[in-house]
Enquirer: 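Pasting a structure here, questions to come.
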Number of protein chains: 2
Amino acid sequence: MARPADPHARAALIAAARAEFARKGLKGARIEDITAACGLSKGAFYLHFDTKEALFGELVTAFQSSMADMSTRRVEGMQRFHREEGHPTVQDVATRSPLYLRFIQAESALDLELLELLWAYRDVVSVLIRGSQGTEFESSLWGLVDQEVARISREYRNMQVSCMADSSHDPELFGSFIVGAYLLLAKQMCTMRRKPDLAVWASSVQRIIHEGAAPREPLPVSPPALPAAARVPSRKPSSRRPQARASTRRSPRKRS
Amino acid sequence: MARPADPHARAALIAAARAEFARKGLKGARIEDITAACGLSKGAFYLHFDTKEALFGELVTAFQSSMADMSTRRVEGMQRFHREEGHPTVQDVATRSPLYLRFIQAESALDLELLELLWAYRDVVSVLIRGSQGTEFESSLWGLVDQEVARISREYRNMQVSCMADSSHDPELFGSFIVGAYLLLAKQMCTMRRKPDLAVWASSVQRIIHEGAAPREPLPVSPPALPAAARVPSRKPSSRRPQARASTRRSPRKRS
DNA sequence: TCGGTTGCTAACCGGGCGGTCAGAAATGAG
DNA sequence: CTCATTTCTGACCGCCCGGTTAGCAACCGA
């Protein structure tokens with residue numbers, strides 16, 4: 001009938017909440033600051049969300065399911081690679097054989113997907129890392145981290161049996177090493193003004209992992225990593241200021 | 001004169017506070033929980049510390065100065081190495097020359113120092129990572145992280161000019177990669193029941209960095225990483241319950 | 001034993017903030 | 001225009017917790 005709800009309110013609240021969470025953390029963010037950033041009052045928040053945690057929970061759940069999708073896609077992707085192409089050996093790595101190059105390419109493509117996901121959720125991830133201690137979401141991130149460490153450990157063990165990886169390294173340590181690296185990169189994405197070239201990141205990381213820092217042969221190197229793609233940080237603080245908003249001073253009751 | 005203070009009170013409070021911070025974070029830890037764990041009342045806390053943040057600040061300051069010491073010692077150590085031994089080249093890495101092995105040994109020894117420091121302060125570091133968002137200490141850790149990233153970037157650039165490192169990698173990315181890995185390792189130390197063999201970690205990490213995951217030659221490898229040194233997690237929840245503690249029920253005033 | 005001194009307790013205060021709700025504003029229907 | 005209906009406001013409540021303090025208990029020296 002009357003007074004249709006502001007269609008942007010919910011989205012604006014989510015955007016403002018993400019910004020505020022990123023700045024102050026889950027506990028530190030104040031509802032009034034979030035609503036004020038949208039030009040709304042505190043009460044309006046509770047028209048769209050049950051609690052502050054419920055809003056953050058929606059974001060976390062979305063991130064988690066995206067990660068779960070990606071993780072299974074990743075496992076399947078590498079299984080298919082190994083079924084169709086076989087396992088590269090240490091000689092493939094040393095000689096940079098076509099098989100090894102295809103392997104690196106496949107891994108980099110999957111890593112790029114991961115990095116794109118981390119970029120899309122970089123604020124949520126950053127809050128989970130830096131500001132979720134003592135909340136119900138603390139285990140969300142670290143559970144995911146443990147899963148990824150376990151997945152990489154398994155992959156590394158497979159590489160050990162196919163003589164592609166040094167058997168003197170602890171697979172768990174190796175997994176933590178990689179996951180920790182990605183975690184810090186995700187956290188650092190939050191302070192970047194422009195989106196970096198994640199494809200360069202992905203292939204760099206893969207080559208460091210497999211070949212180490214040392215160049216294998218003095219081939220004509222490509223220029224060092226620099227940002228290429230463009231995008232603005234994603235802010236959307238206060239949209240909308242439609243209705244009159246005259247000073248809503250409370251005058252003596254008219255009704256009763 | 002009279003009533004000597006409990007000599008363990010301050011130490012017990014610090015220990016209880018570390019445990020509580022590790023569990024709930026700086027904001028989430030409640031003074032009454034900390035004092036209750038020592039068998040003290042809330043007021044006693046303020047006989048030893050001005051605020052909750054002041055206590056945590058002492059720990060952070062101690063950690064920061066230890067890190068600063070270590071960082072300068074590290075830079076000096078590597079400068080002396082390069083002055084006395086020169087710079088290894090990519091051939092040194094490929095052939096695992098004595099120079100390269102001494103280099104790895106020197107780096108591993110310095111990394112071991114770092115890991116020992118992280119182990120000693122693992123609870124504080126973990127809180128700084130996971131629970132300092134929105135507090136005055138938020139910049140303490142991430143400033144340190146930026147410093148270390150910058151230091152490693154410089155070292156990597158040096159390795160690039162001496163042709164020990166692939167010039168196609170971004171030094172900043174390389175630095176973040178390593179620091180992120182160490183950060184996650186520090187965080188994981190908190191949930192470990194026994195102290196891992198940090199020397200194995202240090203040399204493993206160094207070799208992965210320089211040589212990658214691939215084994216260079218099938219030399220007779222040392223056994224895979226396993227814990228060797230021993231130590232218990234370091235808990236000290238509630239010591240002391242000395243004095244009578246009769247029910248201190250407040251009876252009508254006697255004095256005035 | 002007694003006075004003086006210090007350690008420690010626990011009741012108390014006050015601010016901050018999550019969450020509520022009566023009612024005012026906006027809007028469409030008739 | 002009037003009325004019904006829904007949105008949105010902002011004053012309010014109450015809890016939680018950091019920090020304070022009056023006063024009691026322990027202890028020392030004389």
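As the structure is a computational prediction, the values presented were derived from the model and not from experiment.
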Enquirer: Going by distance alone, is a donor N or O of one side chain under 3.5 Å from an acceptor N or O of the other, for Gln147(A) and Ser71(A)?
Expert: no
Enquirer: Roughly, in whole Å, what's the span from CG in Leu13(A) to C1' in dG18(C)?
Expert: 16 Å
Enquirer: Taking only the side-chain heavy atoms of Lys42(A) (C-beta and beyond), determine which of dC12(D), dA10(C), dC8(D) contains the nearest atom.
Expert: dC12(D)
Enquirer: I need the CG-P distance between Asp33(A) and dG18(C), as an integer number of Å.
Expert: 9 Å
Enquirer: Partners of Arg154(A) by salt bridge (charged side-chain N to carboxylate O under 4.0 Å, His left out), sequence neighbours excluded?
Expert: none
Enquirer: Roughly how many Å is it from CD1 in Ile31(A) to C1' in dC8(D), rounded to a whole number?
Expert: 16 Å
Enquirer: Atom CD of Glu53(A) and atom P of dG18(C): how far apart are they, to the nearest Å?
Expert: 9 Å
Enquirer: Side chain of Ser41(A) only, please: which of dT9(D), dT9(C), dT20(D) is the nearest?
Expert: dT9(D)
Enquirer: Using whole Å, what does the distance between atom P of nucleotide dC16(D) and atom CZ of Arg30(A) come to?
Expert: 20 Å
Enquirer: So, OP1 or OP2 of dG18(D): does either fall under 4.0 Å of a side-chain N or O from Lys52(B)?
Expert: yes
Enquirer: When the distance from CG of Leu26(B) to P of dG18(D) is rounded to whole Å, what number comes out?
Expert: 10 Å
Enquirer: Looking at the side chain of Tyr46(B), which of dT20(C), dT9(D), dG18(D) is the nearest nucleotide?
Expert: dG18(D)
Enquirer: Rounded to the nearest angstrom, tell me the gap between atom NZ in Lys24(A) and atom P in dG18(C).
Expert: 11 Å
Enquirer: Answer yes or no: is there an ion pair linking Glu107(A) with Arg74(A), defined by an N-O contact shorter than 4.0 Å?
Expert: yes
Enquirer: Please verify the inter-ring angle class for Phe21(B) with Phe56(B); under 30° counts as parallel, over 60° as perpendicular, anything in between as tilted.
Expert: perpendicular
Enquirer: Looking at Arg151(B) and Glu148(B), would you say the former's side chain and the latter's main chain have a donor-acceptor pair under 3.5 Å?
Expert: no
Enquirer: Would you mind reading off the distance between Glu32(A) atom CD and dT20(C) atom C1', rounded to a whole angstrom?
Expert: 13 Å
Enquirer: Applying a 4.0 Å non-hydrogen cut-off, can you work out what Leu47(B) is touching in the nucleic acid: base, sugar-phosphate, or nothing?
Expert: base
Enquirer: Assign Ala5(A) to base, sugar-phosphate, or nothing according to its heavy-atom contacts below 4.0 angstrom with the strands shown.
Expert: sugar-phosphate
